[in-house]
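Structure, as structure tokens:
Please read these numbers as outputs of a predicted model, since none were measured by experiment.
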2 protein chains.
Amino acid sequence: MSANKAGRKASMGDVAAAAGVSKTTISRYLHGEFGYMSEQTKAKIEGVIKELGYRPNKMAQSLKATVSHMVGVSIADMGNPFSSLLIKGIQEECRARDVQLLVSDSNNQPTLERANIESLLDAQVDGLIVNTVGNNDDWLVRFHDRANRKPVVMLDRIVLPLIYDSVTNNNDAAVREMLEYLKGQGFAYVVFVMRPGEGISTRTARRQAVERYCDDLGLGGEVLVYDDGIDGLRSRIANLLELCGNRKTCLFANNDESMRDILEATSAGLRRHVGVCSFADEHWAKYSGPGITCLDQEPMLMGRRAAQKLFARIYDGSEEPCSLDEVPARLCIFASTEI
Amino acid sequence: MSANKAGRKASMGDVAAAAGVSKTTISRYLHGEFGYMSEQTKAKIEGVIKELGYRPNKMAQSLKATVSHMVGVSIADMGNPFSSLLIKGIQEECRARDVQLLVSDSNNQPTLERANIESLLDAQVDGLIVNTVGNNDDWLVRFHDRANRKPVVMLDRIVLPLIYDSVTNNNDAAVREMLEYLKGQGFAYVVFVMRPGEGISTRTARRQAVERYCDDLGLGGEVLVYDDGIDGLRSRIANLLELCGNRKTCLFANNDESMRDILEATSAGLRRHVGVCSFADEHWAKYSGPGITCLDQEPMLMGRRAAQKLFARIYDGSEEPCSLDEVPARLCIFASTEI
DNA sequence: CTGTTAGCGCATTCAG
DNA sequence: CTGAATGCGCTAACAG
């Protein structure tokens with residue numbers, strides 16, 4: 001079992017030659033068109049294929065066809081459990097459709113994101129799922145107008161107005177649910193803690209929701225944006241809690257990362273009437289510190305939804321206008337807010 | 001800017017026609033062979049390419065060439081922060097070499113792993129990085145003997161004897177380091193806690209190391225294999241600690257997953273003379289429960305090493321005999337063992 | 001300085 | 001029931 005020419009793998013031509021038939025016949029065999037094929041040649045071909053360990057070359061198939069059965073995903077930051085779950089979800093759908101997944105990490109840099117998308121297209125993917133790093137909307141909007149553009153689905157972070165199919169959390173409603181729960185727990189003041197998030201849709205959405213619903217619910221609230229490391233955060237939090245006096249206050253982290261930063265910044269242990277909650281993965285939040293009440297975003301489900309939307313357009317010929325799917329976040333209650 | 005035939009993207013032929021030259025000239029232009037090219041046609045081509053938004057089709061290039069500039073990675077379980085960091089590391093090297101990365105998740109099933117590897121090969125990847133699910137060694141060994149086999153690097157989990165290039169942790173030495181540290185802390189008994197791990201190289205390596213070095217160091221020790229959920233684990237641990245009496249005992253988890261299971265199983269809070277440590281990511285261990293002392297495996301570094309080894313073989317023509325790179329795990333000390 | 005030709009591995013008419 | 005011929009987009013001799 002092997003190849004003949006220059007150490008290459010056996011090709012259809014090799015099989016044809018070995019079986020003493022034409023390439024056409026092999027092709028027909030592979031596509032199950034036995035209708036008018038003699039049992040003899042069929043058996044012969046089967047034998048030769050096994051003998052040579054022949055497998056059709058998908059690249060060559062794609063070159064002729066209009067589809068490659070490959071899709072690309074550009075991920076903002078792969079080193080993030082959230083991202084890996086998005087990809088796991090996407091991957092599940094890919095497996096179901098026998099599609100290959102090309103993954104690129106943008107490392108939070110818009111420049112890389114653009115380069116990655118171009119590279120994926122050069123590799124002839126049939127479509128793209130983009131978890132944008134943010135601050136790349138202008139380019140993404142221009143990209144939308146390109147001729148012969150491949151289908152794109154935005155994942156978790158979106159571009160407005162809605163020019164692409166998108167999947168995200170119900171950020172607004174989730175924030176409201178959390179604030180209502182906190183109010184029920186007797187909290188009087190909420191501090192939303194986040195890294196700078198201009199240009200990242202989820203952050204602004206959540207920030208605005210916090211501001212709005214704190215008002216609606218009669219909660220005191222503010223947004224704390226930090227960009228100066230753990231020590232900076234520590235002193236800001238300390239100041240802030242000072243001002244709060246003995247109002248029951250909750251720190252609400254924008255994501256896992258900020259949640260960990262809060263835990264580190266407050267490790268001296270200034271809890272008393274101070275709660276903590278976060279957008280975060282339930283499995284990790286549950287065992288972080290005392291157990292952190294969280295909004296789990298169900299990233300795997302989000303990934304699957306995004307892939308489904310993409311495949312519908314690519315392979316099922318869907319022509320629907322683009323739409324936004326909101327995956328509801330799950331409120332998971334642990335000890336950090338039961339004070 | 002657009003295509004002409006059937007909505008396809010502009011091809012080299014289209015560019016050639018529009019520029020009034022032959023495809024060869026375009027090809028030369030693209031490869032920077034301006035040596036004998038008139039400034040005129042050069043300028044003309046440049047204009048047309050921009051006009052048409054032409055980009056060369058990598059698939060077509062690969063069809064002729066002997067390399068595709070794509071590599072595949074088969075990952076045991078994508079839904080695992082460890083895995084995502086492995087991939088992030090691999091991805092970094094891919095970017096540096098302008099290689100596309102195809103990712104497949106085996107969801108811990110050997111059957112899927114085999115199918116994924118075959119699919120990746122069908123897509124014409126130049127090589128593979130395999131983070132095996134375990135219990136697939138027979139197949140992997142047979143695979144090794146295939147004609148025209150593509151280069152393979154095993155990542156984190158290895159196959160013995162060493163027939164593939166491999167990257168793993170220094171499991172044996174790391175376990176020893178941890179046990180020595182525990183002894184220094186006054187622990188007298190160590191329980192290595194793991195899910196069943198027959199057929200997974202890292203688990204057996206660690207398990208054996210624990211058994212050996214406990215003896216060497218004069219520590220009491222045993223291995224606790226659990227497969228019956230949190231409640232099962234809880235009662236096993238309780239029994240076990242009962243037997244230990246008041247010897248200072250440490251639970252040593254095989255990975256993040258078992259670490260979380262231990263935290264859940266002991267959430268009732270039976271710590272006193274009981275410590276906890278684990279193979280785990282520093283960032284997560286630090287904020288888990290009281291802060292869990294851990295061996296951080298540096299998965300990103302592992303991923304990079306694996307990719308480097310693979311690329312050396314594929315693109316630099318390395319012919320070295322296959323070898324094992326051991327990435328040292330870092331001991332990170334937190335509160336859980338400072339008792 | 002540029003074009004012609006052939007072929008990578010496969011699918012697809014069309015003609016037996 | 002089967003095969004020859006053509007072309008997908010690109011590269012690489014080989015001729016001019």
Side-chain angles (χ1 to χ4, degrees), chain A residues 3-45 48-49 52-69 121-124 126 148, chain B residues 3-45 48-49 52-70 121-126 148:
Chain A
N4 29 19
K5 305 158 284 193
R8 283 208 168 192
K9 290 204 321 184
S11 79
M12 198 160 121
D14 301 332
V15 178
V21 298
S22 79
K23 291 195 285 177
T24 316
T25 306
I26 307 297
S27 180
R28 279 202 268 264
Y29 174 90
L30 292 173
H31 294 287
E33 298 164 19
F34 312 118
Y36 303 90
M37 190 159 27
S38 74
E39 279 300 326
Q40 269 196 28
T41 57
K42 183 173 164 185
K44 178 71 179 166
I45 292 174
V48 173
I49 285 182
L52 264 49
Y54 169 73
R55 302 210 111 214
N57 180 332
K58 295 271 183 196
M59 286 210 120
Q61 291 181 315
S62 307
L63 190 58
K64 281 226 64 114
T66 55
V67 292
S68 63
H69 293 282
L121 291 169
D122 289 347
Q124 306 302 116
D126 294 332
N148 294 104
Chain B
N4 29 19
K5 302 159 287 197
R8 282 207 169 192
K9 289 204 320 183
S11 79
M12 197 158 120
D14 300 331
V15 177
V21 297
S22 78
K23 290 193 288 176
T24 317
T25 307
I26 307 296
S27 180
R28 279 202 268 263
Y29 173 89
L30 291 173
H31 294 207
E33 300 165 17
F34 311 118
Y36 303 88
M37 190 160 22
S38 75
E39 279 301 325
Q40 267 197 28
T41 56
K42 183 173 163 185
K44 178 71 180 166
I45 292 174
V48 172
I49 286 182
L52 265 51
Y54 169 72
R55 302 210 113 217
N57 180 330
K58 295 270 184 200
M59 285 207 122
Q61 290 180 313
S62 307
L63 189 58
K64 279 229 64 120
T66 54
V67 291
S68 63
H69 293 283
M70 302 195 305
L121 290 170
D122 290 347
Q124 305 303 116
V125 294
D126 293 331
N148 295 102

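- Rounded to an integer number of Å, the gap from Gln40(A) CD to dC1(D) P is 11 Å.
- For Asp122(B) and dC10(C), the CG to C1' distance is 14 Å, given to the nearest whole Å.
- Using a 4.0 Å heavy-atom criterion, one finds that Met37(A) contacts the sugar-phosphate atoms exclusively.
- In this structure, Ser38(B) reaches the dT2(C) phosphate: one of its side-chain N or O atoms is under 4.0 Å from OP1 or OP2.
- A side chain to side chain contact (heavy atoms under 4.5 Å, CB included) with Val48(A) holds for exactly one of Val15(A), Val21(A), Asp14(A); it is Val15(A).
- Remark: C1' of dC10(D) and CG of Asp14(B) are 13 Å apart, rounded to the nearest angstrom.
- Contact check, Thr41(A) against dT2(D): a side-chain N or O comes under 4.0 Å of OP1 or OP2.
- Judged by distance alone, with hydrogens and angles left aside, Lys64(A) brings no side-chain donor or acceptor close enough to the base of dG9(C) to form a pair under 3.5 Å.
- Residue whose closest nucleotide on DNA chain D sits further toward the 5' end, between Glu33(B) and Leu63(B): Leu63(B).
- Applying the side chain to side chain donor-acceptor pair (under 3.5 Å) criterion to Ser38(B), with sequence neighbours excluded, gives Thr41(B).
- The closest side-chain heavy-atom distance from Ile49(B) to Tyr29(B) is below 4.5 Å.
- Rounding to the nearest 0.5 Å gives a distance of 10.5 Å between CD of Glu33(B) and OG1 of Thr25(B).
- What you find for Gln124(B) and Lys9(A) is that their closest heavy atoms are OE1-NZ, 4.5 Å.
- As judged by a 4.0 angstrom heavy-atom cut-off over every strand, Tyr29(A) is placed among residues making no nucleic acid contact.
- Of the residues in residues 21-28 of chain B, Val21(B), Ser22(B), Thr24(B), Thr25(B), Arg28(B) come within less than 4.0 Å of DNA chain C through at least one heavy atom, sorted by number.
- Rounded to the nearest 0.5 Å, atoms CZ (Arg55(B)) and CG (Asp122(A)) are 4.5 Å apart.
- The phosphate of dG9(C) (OP1 or OP2) has no side-chain N or O of Gln61(A) nearer than 4.0 angstrom.
- End-to-end axis angle of the helix from dC1(C)-dG16(D) to dG16(C)-dC1(D), using five pairs per end and rounding to 10°, comes to 50°.
- Among residues two or more places apart in sequence or in another chain, the side chain to side chain donor-acceptor pair (under 3.5 Å) test is passed with Asn57(B) by none.
- Between Lys44(B) atom NZ and dT2(C) atom P the separation is 14 Å, expressed in whole Å.
- Whole-Å rounding puts the Met59(B) CE to dA11(C) C1' distance at 15 Å.
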Tabulate below the donor-acceptor pairs under 3.5 Å that side-chain atoms of residues 58-65 of chain A make, not counting sequence neighbours, or state none.
from: Ser62(A); atom 1: OG; to: Lys58(A); atom 2: O; distance (Å): 2.7

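- One can place CG of Asn148(B) at 11 Å from P of dG9(C), the figure rounded to the nearest angstrom.
- A search for side chain to side chain donor-acceptor pair (under 3.5 Å) contacts involving Thr24(A) returns nothing, not counting sequence neighbours.
- Atom-to-atom, CE of Met12(A) to P of dC8(D) comes out at 18 Å; the value is rounded to the nearest Å.
- Put simply, CZ on Arg55(B) is 17 Å from P on dG9(D), counting in whole angstrom units.
- Between Ala19(B) and Ile45(B), the shortest heavy-atom contact is CB-CG1, 4.4 Å.
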